[in-house]
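In what follows, a structure is listed as C-alpha coordinates, so that the remarks can point back to it.
Naming: A, B, ... by sequence-line order, numbering from 1 per chain. Quick caveat: nothing in here was measured; it's all calculated off a predicted structure.
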Amino acid sequence: MGQVKRKELDYERLVLVYSDELFRYSLWLCRDKSMAEDLVQETCLRAWKSLDKLKENSSSKAWLMTILRNEHARQYARYRPEMVDLDLDLVSLKDTDNDTSSEAFALKMALNELADEYKEPLLLQVICGLSCEEIGRVCNITKGAAMTRLFRAKKKLRDVLQAEEG
Amino acid sequence: MKCENVEFEYIAAPDELSIEAKTHIESCAVCQRMVNQQVHFNKKLTDVLNQPVPNNLRHASREYVQRNKVINWSFPKASLALAASVLLAVGLVRVNLVNDASGFSVDRLVVEHFEHDGARSMKASHVIAPTQLTQLAHSFGVQVNLANAVSFAERCPIGDSYGLHMVYQFKGQPVTVIYMPDIQLTTTLPFHYSGLHGWVKPLEKGSIAVIADSDIDLPSEEYAENAVEWI
(Lines give C-alpha, C1' and ligand atoms only; values in the text may rest on other atoms or scores of the structure.)
Protein backbone atom coordinates (compact mmCIF):
# COMPACT_ATOMS: atom_id res chain seq x y z
CA MET A 1 0.00 0.00 0.00
CA GLY A 2 1.38 3.41 -0.97
CA GLN A 3 2.45 5.88 1.68
CA VAL A 4 -0.16 8.44 0.70
CA LYS A 5 -2.88 5.82 0.63
CA ARG A 6 -1.83 4.54 4.03
CA LYS A 7 -1.88 8.05 5.41
CA GLU A 8 -5.28 8.65 3.89
CA LEU A 9 -6.75 5.54 5.47
CA ASP A 10 -5.17 6.23 8.86
CA TYR A 11 -6.57 9.72 8.78
CA GLU A 12 -10.05 8.75 7.63
CA ARG A 13 -10.30 6.12 10.30
CA LEU A 14 -9.15 8.48 12.99
CA VAL A 15 -11.55 11.23 12.08
CA LEU A 16 -14.40 8.84 11.45
CA VAL A 17 -14.08 7.32 14.88
CA TYR A 18 -13.63 10.50 16.86
CA SER A 19 -15.51 13.21 14.97
CA ASP A 20 -18.54 13.08 17.26
CA GLU A 21 -16.39 13.62 20.31
CA LEU A 22 -14.51 16.38 18.51
CA PHE A 23 -17.73 18.17 17.71
CA ARG A 24 -19.20 17.89 21.19
CA TYR A 25 -15.99 19.05 22.83
CA SER A 26 -15.80 21.87 20.31
CA LEU A 27 -19.42 22.86 20.90
CA TRP A 28 -18.90 23.31 24.61
CA LEU A 29 -15.72 25.26 24.03
CA CYS A 30 -17.18 27.56 21.36
CA ARG A 31 -20.79 27.58 22.54
CA ASP A 32 -21.86 27.98 18.95
CA LYS A 33 -22.71 25.21 16.51
CA SER A 34 -21.35 26.74 13.33
CA MET A 35 -18.15 27.85 15.06
CA ALA A 36 -17.86 24.36 16.52
CA GLU A 37 -18.16 22.83 13.05
CA ASP A 38 -15.53 25.22 11.71
CA LEU A 39 -13.25 24.32 14.57
CA VAL A 40 -13.68 20.60 13.89
CA GLN A 41 -12.88 21.15 10.22
CA GLU A 42 -9.76 23.11 11.05
CA THR A 43 -8.77 20.43 13.54
CA CYS A 44 -9.20 17.77 10.87
CA LEU A 45 -7.01 19.73 8.48
CA ARG A 46 -4.30 20.18 11.08
CA ALA A 47 -4.54 16.51 12.00
CA TRP A 48 -4.04 15.59 8.35
CA LYS A 49 -1.04 17.86 8.02
CA SER A 50 0.65 16.53 11.13
CA LEU A 51 -0.49 12.92 11.03
CA ASP A 52 3.12 11.78 10.75
CA LYS A 53 3.66 12.99 14.31
CA LEU A 54 1.14 10.56 15.68
CA LYS A 55 3.09 7.51 16.77
CA GLU A 56 0.73 5.42 18.86
CA ASN A 57 -2.84 4.59 18.03
CA SER A 58 -3.65 4.44 21.73
CA SER A 59 -3.00 8.13 22.16
CA SER A 60 -4.75 9.23 19.00
CA LYS A 61 -7.87 10.54 20.73
CA ALA A 62 -5.90 12.67 23.18
CA TRP A 63 -3.74 13.84 20.29
CA LEU A 64 -6.81 15.02 18.33
CA MET A 65 -8.29 16.75 21.36
CA THR A 66 -5.01 18.54 21.95
CA ILE A 67 -5.05 19.82 18.37
CA LEU A 68 -8.62 21.01 18.79
CA ARG A 69 -7.88 22.68 22.11
CA ASN A 70 -4.82 24.47 20.72
CA GLU A 71 -6.68 25.54 17.62
CA HIS A 72 -9.51 26.86 19.74
CA ALA A 73 -7.10 28.85 21.85
CA ARG A 74 -5.43 30.20 18.73
CA GLN A 75 -8.45 31.12 16.67
CA TYR A 76 -11.46 31.53 18.89
CA ALA A 77 -10.46 32.54 22.37
CA ARG A 78 -10.14 36.17 21.42
CA TYR A 79 -13.79 36.27 20.33
CA ARG A 80 -15.15 34.94 23.57
CA PRO A 81 -15.98 38.28 25.23
CA GLU A 82 -18.40 39.02 22.40
CA MET A 83 -20.13 35.72 22.92
CA VAL A 84 -20.87 35.93 26.59
CA ASP A 85 -24.38 37.25 26.16
CA LEU A 86 -25.15 34.58 23.63
CA ASP A 87 -24.16 31.61 25.72
CA LEU A 88 -27.56 30.49 26.76
CA ASP A 89 -28.97 30.85 23.28
CA LEU A 90 -26.17 29.05 21.60
CA VAL A 91 -26.15 25.92 23.68
CA SER A 92 -29.67 26.26 24.82
CA LEU A 93 -32.55 23.93 25.34
CA LYS A 94 -34.03 24.77 21.99
CA ASP A 95 -30.89 23.45 20.30
CA THR A 96 -30.98 20.10 22.01
CA ASP A 97 -33.34 17.22 22.06
CA ASN A 98 -31.42 15.06 24.47
CA ASP A 99 -32.66 16.55 27.72
CA THR A 100 -35.09 19.42 28.22
CA SER A 101 -35.66 19.21 31.95
CA SER A 102 -35.17 22.10 34.35
CA GLU A 103 -32.30 20.15 35.91
CA ALA A 104 -30.58 20.00 32.54
CA PHE A 105 -31.06 23.71 32.05
CA ALA A 106 -29.58 24.45 35.46
CA LEU A 107 -26.65 22.19 34.67
CA LYS A 108 -26.02 23.97 31.38
CA MET A 109 -26.02 27.33 33.07
CA ALA A 110 -23.61 26.08 35.70
CA LEU A 111 -21.38 24.57 33.03
CA ASN A 112 -21.21 27.85 31.20
CA GLU A 113 -20.17 29.55 34.39
CA LEU A 114 -17.41 27.08 35.18
CA ALA A 115 -13.91 28.43 34.71
CA ASP A 116 -12.12 26.86 31.73
CA GLU A 117 -9.53 25.24 33.94
CA TYR A 118 -12.33 23.18 35.50
CA LYS A 119 -14.57 22.82 32.52
CA GLU A 120 -11.97 21.46 30.11
CA PRO A 121 -10.97 18.43 32.17
CA LEU A 122 -14.65 17.70 32.69
CA LEU A 123 -15.42 17.84 28.97
CA LEU A 124 -12.39 15.73 28.14
CA GLN A 125 -13.48 13.08 30.60
CA VAL A 126 -17.23 12.97 30.06
CA ILE A 127 -17.42 13.68 26.33
CA CYS A 128 -14.12 12.31 25.12
CA GLY A 129 -13.61 9.52 27.62
CA LEU A 130 -10.03 10.45 28.36
CA SER A 131 -8.30 9.15 31.47
CA CYS A 132 -6.93 11.54 34.09
CA GLU A 133 -3.45 10.80 32.78
CA GLU A 134 -4.50 11.79 29.25
CA ILE A 135 -6.38 14.85 30.48
CA GLY A 136 -3.23 15.93 32.25
CA ARG A 137 -1.26 15.62 29.02
CA VAL A 138 -3.83 17.54 26.98
CA CYS A 139 -4.11 20.36 29.54
CA ASN A 140 -0.43 20.44 30.48
CA ILE A 141 -1.09 19.60 34.11
CA THR A 142 -0.30 16.62 36.33
CA LYS A 143 -2.63 13.69 36.73
CA GLY A 144 -3.23 14.75 40.33
CA ALA A 145 -4.16 18.27 39.27
CA ALA A 146 -6.54 16.84 36.68
CA MET A 147 -8.24 14.77 39.38
CA THR A 148 -8.54 17.74 41.69
CA ARG A 149 -10.10 19.90 38.98
CA LEU A 150 -12.51 17.14 38.04
CA PHE A 151 -13.51 16.70 41.66
CA ARG A 152 -14.13 20.41 42.18
CA ALA A 153 -15.99 20.82 38.91
CA LYS A 154 -18.31 17.92 39.62
CA LYS A 155 -18.90 18.95 43.20
CA LYS A 156 -19.92 22.39 42.05
CA LEU A 157 -22.25 21.05 39.38
CA ARG A 158 -23.69 18.47 41.72
CA ASP A 159 -24.51 21.17 44.25
CA VAL A 160 -26.37 23.05 41.52
CA LEU A 161 -28.30 19.94 40.60
CA GLN A 162 -29.15 19.13 44.20
CA ALA A 163 -30.38 22.67 44.77
CA GLU A 164 -32.56 22.34 41.69
CA GLU A 165 -33.96 19.03 42.87
CA GLY A 166 -34.41 20.14 46.44
CA MET B 1 -8.90 3.95 53.27
CA LYS B 2 -10.94 6.92 54.52
CA CYS B 3 -14.37 7.74 53.16
CA GLU B 4 -13.29 11.22 52.08
CA ASN B 5 -10.49 9.76 49.97
CA VAL B 6 -12.87 7.30 48.37
CA GLU B 7 -15.30 10.12 47.65
CA PHE B 8 -12.51 12.13 46.03
CA GLU B 9 -11.48 9.22 43.81
CA TYR B 10 -15.00 8.29 42.86
CA ILE B 11 -16.16 11.78 42.03
CA ALA B 12 -12.99 12.66 40.13
CA ALA B 13 -12.67 9.50 38.08
CA PRO B 14 -15.27 6.77 38.67
CA ASP B 15 -13.83 4.62 35.90
CA GLU B 16 -10.34 4.67 37.33
CA LEU B 17 -10.96 3.57 40.90
CA SER B 18 -8.17 1.92 42.82
CA ILE B 19 -8.64 -1.57 44.23
CA GLU B 20 -8.59 -0.09 47.74
CA ALA B 21 -11.42 2.29 46.92
CA LYS B 22 -13.51 -0.47 45.32
CA THR B 23 -13.02 -2.70 48.34
CA HIS B 24 -13.94 0.11 50.69
CA ILE B 25 -17.16 0.90 48.82
CA GLU B 26 -18.28 -2.71 48.98
CA SER B 27 -18.28 -2.59 52.76
CA CYS B 28 -19.22 1.02 53.52
CA ALA B 29 -22.88 2.10 53.55
CA VAL B 30 -21.97 5.80 53.58
CA CYS B 31 -19.86 5.51 50.45
CA GLN B 32 -22.47 3.35 48.75
CA ARG B 33 -24.99 6.19 49.23
CA MET B 34 -22.49 8.62 47.80
CA VAL B 35 -21.96 6.33 44.80
CA ASN B 36 -25.69 6.07 44.16
CA GLN B 37 -26.07 9.84 44.20
CA GLN B 38 -23.08 10.23 41.96
CA VAL B 39 -24.35 7.70 39.44
CA HIS B 40 -27.52 9.76 39.05
CA PHE B 41 -25.49 12.94 38.68
CA ASN B 42 -23.08 11.43 36.16
CA LYS B 43 -25.99 10.22 34.05
CA LYS B 44 -27.52 13.69 34.04
CA LEU B 45 -24.22 15.33 33.22
CA THR B 46 -23.54 12.93 30.37
CA ASP B 47 -27.01 13.54 28.91
CA VAL B 48 -26.49 17.27 29.00
CA LEU B 49 -23.01 17.23 27.52
CA ASN B 50 -23.67 14.79 24.71
CA GLN B 51 -25.30 17.15 22.27
CA PRO B 52 -26.56 15.90 18.89
CA VAL B 53 -24.00 15.90 16.10
CA PRO B 54 -24.89 17.41 12.68
CA ASN B 55 -25.65 14.80 10.02
CA ASN B 56 -23.14 16.13 7.54
CA LEU B 57 -20.25 16.76 9.93
CA ARG B 58 -17.92 14.13 8.48
CA HIS B 59 -18.77 15.00 4.91
CA ALA B 60 -18.21 18.71 5.50
CA SER B 61 -14.96 18.08 7.36
CA ARG B 62 -13.72 15.80 4.64
CA GLU B 63 -14.57 18.33 1.94
CA TYR B 64 -12.81 21.05 3.91
CA VAL B 65 -9.65 19.00 4.21
CA GLN B 66 -9.82 18.08 0.53
CA ARG B 67 -9.98 21.74 -0.42
CA ASN B 68 -7.20 22.88 1.85
CA LYS B 69 -4.66 20.13 2.19
CA VAL B 70 -1.29 20.54 0.57
CA ILE B 71 -0.76 16.95 -0.46
CA ASN B 72 -3.21 15.56 -2.97
CA TRP B 73 -4.95 12.36 -2.10
CA SER B 74 -5.06 9.99 -5.00
CA PHE B 75 -8.07 7.81 -4.69
CA PRO B 76 -7.55 4.26 -5.80
CA LYS B 77 -8.31 3.74 -9.42
CA ALA B 78 -8.97 0.08 -8.93
CA SER B 79 -12.42 -0.88 -7.93
CA LEU B 80 -12.95 -1.05 -4.20
CA ALA B 81 -15.44 -3.71 -4.83
CA LEU B 82 -15.10 -5.49 -1.59
CA ALA B 83 -16.29 -2.41 0.05
CA ALA B 84 -19.65 -2.20 -1.54
CA SER B 85 -21.52 -3.57 1.38
CA VAL B 86 -19.27 -1.82 3.74
CA LEU B 87 -19.27 1.24 1.74
CA LEU B 88 -22.81 1.51 2.22
CA ALA B 89 -22.33 1.31 5.92
CA VAL B 90 -20.52 4.60 5.88
CA GLY B 91 -23.41 6.57 4.58
CA LEU B 92 -25.86 4.41 6.27
CA VAL B 93 -24.44 4.29 9.59
CA ARG B 94 -23.85 7.96 9.57
CA VAL B 95 -27.50 8.45 9.22
CA ASN B 96 -28.09 5.82 11.75
CA LEU B 97 -25.81 7.68 14.05
CA VAL B 98 -28.44 10.27 14.50
CA ASN B 99 -31.40 8.00 14.60
CA ASP B 100 -30.17 4.94 16.36
CA ALA B 101 -31.91 4.74 19.69
CA SER B 102 -29.54 2.15 21.05
CA GLY B 103 -27.05 4.83 21.99
CA PHE B 104 -24.39 2.72 20.32
CA SER B 105 -21.48 4.59 18.91
CA VAL B 106 -22.22 4.10 15.26
CA ASP B 107 -18.72 5.27 14.38
CA ARG B 108 -17.46 2.13 15.99
CA LEU B 109 -20.10 0.10 14.25
CA VAL B 110 -18.94 1.40 10.89
CA VAL B 111 -15.33 0.68 11.58
CA GLU B 112 -16.11 -2.79 12.81
CA HIS B 113 -18.28 -3.35 9.78
CA PHE B 114 -15.40 -2.26 7.63
CA GLU B 115 -13.06 -4.70 9.24
CA HIS B 116 -15.29 -7.73 9.53
CA ASP B 117 -17.71 -7.62 6.65
CA GLY B 118 -17.82 -6.36 3.11
CA ALA B 119 -16.40 -8.69 0.54
CA ARG B 120 -19.15 -11.26 0.61
CA SER B 121 -21.88 -9.29 -1.11
CA MET B 122 -19.61 -8.45 -4.04
CA LYS B 123 -18.56 -12.02 -4.72
CA ALA B 124 -21.81 -13.00 -6.43
CA SER B 125 -21.27 -12.75 -10.16
CA HIS B 126 -24.66 -13.85 -11.43
CA VAL B 127 -28.10 -12.33 -11.20
CA ILE B 128 -30.15 -13.86 -8.43
CA ALA B 129 -33.45 -15.55 -9.13
CA PRO B 130 -36.35 -13.07 -9.43
CA THR B 131 -38.47 -15.17 -7.07
CA GLN B 132 -35.79 -15.02 -4.41
CA LEU B 133 -35.58 -11.24 -4.68
CA THR B 134 -39.35 -10.90 -4.70
CA GLN B 135 -39.73 -13.03 -1.61
CA LEU B 136 -37.13 -11.06 0.28
CA ALA B 137 -38.50 -7.70 -0.83
CA HIS B 138 -42.00 -8.69 0.21
CA SER B 139 -40.76 -9.29 3.73
CA PHE B 140 -40.00 -5.55 3.76
CA GLY B 141 -43.38 -4.73 2.28
CA VAL B 142 -41.89 -3.57 -1.01
CA GLN B 143 -41.36 -4.63 -4.58
CA VAL B 144 -37.90 -4.07 -6.10
CA ASN B 145 -37.76 -2.60 -9.61
CA LEU B 146 -34.18 -3.21 -10.60
CA ALA B 147 -34.79 -5.05 -13.83
CA ASN B 148 -33.00 -8.35 -13.41
CA ALA B 149 -29.68 -6.76 -12.47
CA VAL B 150 -29.38 -7.63 -8.81
CA SER B 151 -26.52 -10.02 -8.01
CA PHE B 152 -26.93 -10.03 -4.25
CA ALA B 153 -29.83 -9.45 -1.89
CA GLU B 154 -29.98 -10.04 1.82
CA ARG B 155 -31.69 -8.85 4.96
CA CYS B 156 -28.97 -7.24 7.04
CA PRO B 157 -28.89 -5.55 10.46
CA ILE B 158 -28.68 -1.77 10.31
CA GLY B 159 -28.37 -0.28 13.77
CA ASP B 160 -31.44 -1.32 15.72
CA SER B 161 -33.39 -2.46 12.67
CA TYR B 162 -32.91 -4.24 9.36
CA GLY B 163 -32.29 -3.16 5.79
CA LEU B 164 -32.67 -4.76 2.38
CA HIS B 165 -29.12 -4.89 1.09
CA MET B 166 -28.65 -5.40 -2.65
CA VAL B 167 -25.79 -5.23 -5.12
CA TYR B 168 -26.99 -3.83 -8.40
CA GLN B 169 -25.12 -3.89 -11.71
CA PHE B 170 -25.31 -0.31 -13.00
CA LYS B 171 -23.58 0.38 -16.34
CA GLY B 172 -21.69 -2.88 -15.86
CA GLN B 173 -20.35 -1.89 -12.44
CA PRO B 174 -21.44 -3.03 -8.98
CA VAL B 175 -23.38 -0.49 -6.97
CA THR B 176 -24.73 -1.22 -3.53
CA VAL B 177 -28.28 -0.22 -2.77
CA ILE B 178 -29.82 -0.55 0.67
CA TYR B 179 -33.41 0.11 1.53
CA MET B 180 -33.88 0.95 5.21
CA PRO B 181 -37.54 1.11 6.20
CA ASP B 182 -36.87 2.23 9.77
CA ILE B 183 -34.29 4.94 9.22
CA GLN B 184 -35.80 8.36 8.58
CA LEU B 185 -34.10 11.37 7.05
CA THR B 186 -35.27 14.85 6.18
CA THR B 187 -32.85 15.58 3.32
CA THR B 188 -30.53 13.64 1.05
CA LEU B 189 -27.17 13.10 2.65
CA PRO B 190 -24.17 12.80 0.30
CA PHE B 191 -20.88 11.34 1.45
CA HIS B 192 -17.43 10.66 0.11
CA TYR B 193 -15.17 8.44 2.09
CA SER B 194 -11.91 6.63 1.37
CA GLY B 195 -12.46 6.22 -2.33
CA LEU B 196 -16.17 5.56 -1.99
CA HIS B 197 -19.05 7.85 -2.68
CA GLY B 198 -22.78 7.78 -2.43
CA TRP B 199 -25.84 9.27 -0.82
CA VAL B 200 -28.71 8.40 1.43
CA LYS B 201 -32.08 9.66 0.32
CA PRO B 202 -35.28 9.93 2.33
CA LEU B 203 -38.25 8.02 0.98
CA GLU B 204 -41.90 8.04 1.83
CA LYS B 205 -41.19 5.17 4.20
CA GLY B 206 -37.63 5.06 5.48
CA SER B 207 -34.67 5.82 3.26
CA ILE B 208 -32.42 4.34 0.61
CA ALA B 209 -28.64 4.38 0.35
CA VAL B 210 -26.60 4.09 -2.83
CA ILE B 211 -22.87 3.66 -2.67
CA ALA B 212 -19.99 2.66 -4.91
CA ASP B 213 -16.32 3.14 -5.67
CA SER B 214 -15.65 6.83 -6.39
CA ASP B 215 -14.68 5.88 -9.97
CA ILE B 216 -18.10 4.38 -10.61
CA ASP B 217 -21.06 6.42 -11.78
CA LEU B 218 -23.98 6.47 -9.38
CA PRO B 219 -27.58 6.22 -10.48
CA SER B 220 -29.58 9.42 -10.19
CA GLU B 221 -31.66 10.13 -7.13
CA GLU B 222 -34.80 9.76 -9.20
CA TYR B 223 -33.73 6.24 -9.88
CA ALA B 224 -33.70 5.52 -6.19
CA GLU B 225 -37.26 6.68 -5.82
CA ASN B 226 -38.29 4.15 -8.42
CA ALA B 227 -36.09 1.34 -7.15
CA VAL B 228 -38.59 0.25 -4.54
CA GLU B 229 -42.34 0.34 -4.63
CA TRP B 230 -44.60 -0.30 -1.68
CA ILE B 231 -46.94 -3.19 -2.00
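- In this structure, B:Tyr64 has no ring pair (Phe, Tyr, Trp, His ring centres under 6.0 Å) partners at least two apart in sequence or on a different chain.
- Between the CG atom of B:Leu45 and the CG atom of A:Leu107 there is a distance of 6.0 Å, given to the nearest 0.5 Å.
- For B:Ala60 against A:Gln41, the heavy-atom pair with the smallest separation is CB-NE2, 3.5 Å.
- Interface remark: A:Arg24 contributes side-chain atoms only to the contact with chain B (heavy atom separation under 4.5 Å).
- B:Glu16 contributes a side-chain N or O that, together with a main-chain N or O of A:Cys132, makes up a donor-acceptor pair within less than 3.5 Å.
- In plain terms, the two heavy atoms of A:Trp28 and B:Val48 that are nearest each other are CZ2-O, 3.4 Å.
- Nearest heavy atoms, B:Ile11 versus A:Arg158: CD1-NH1, 3.7 Å.
- The shortest heavy-atom contact between B:Ser61 and A:Val40 is OG-CG1, 3.8 Å.
- Using a 4.5 Å cut-off on side-chain heavy atoms (C-beta onward), B:Val65 and A:Glu42 make no contact.
- Going from atom CG of B:Leu57 over to atom CG of A:Asp20 covers 7.0 Å, rounded to the nearest 0.5 Å.
- Taken from CG in A:Leu27 to CG in B:Leu49, the straight-line distance is 10.0 Å, to the nearest 0.5 Å.
- Counting only heavy atoms from C-beta outward, the side chains of B:Arg58 and A:Cys44 never approach each other to under 4.5 Å.
- Between chain B and the options A:Gln125, A:Arg46, A:Arg152, heavy-atom pairs under 4.5 Å are most frequent for A:Gln125.
- Taking all atoms of both residues into account, the shortest heavy-atom contact from A:Lys154 to B:Pro14 is NZ-CD, 3.7 Å.
- Distance check, rounded to the nearest 0.5 Å: NZ of A:Lys155 to CZ of B:Phe41 gives 10.5 Å.
- Proximity to chain B (any heavy atom under 4.5 Å) is shown, for A:Ile135, by neither the backbone nor the side chain.
- Using a 4.5 Å heavy-atom threshold, the side chains of A:Lys33 and B:Pro54 count as separate.
- B:Phe8 places a side-chain heavy atom less than 4.5 Å from the side chain of A:Thr148.
- The closest side-chain heavy-atom distance from A:Ile127 to B:Gln51 is not below 4.5 Å.
- Interface residue B:Gln37: only side-chain heavy atoms are found under 4.5 Å from chain A.
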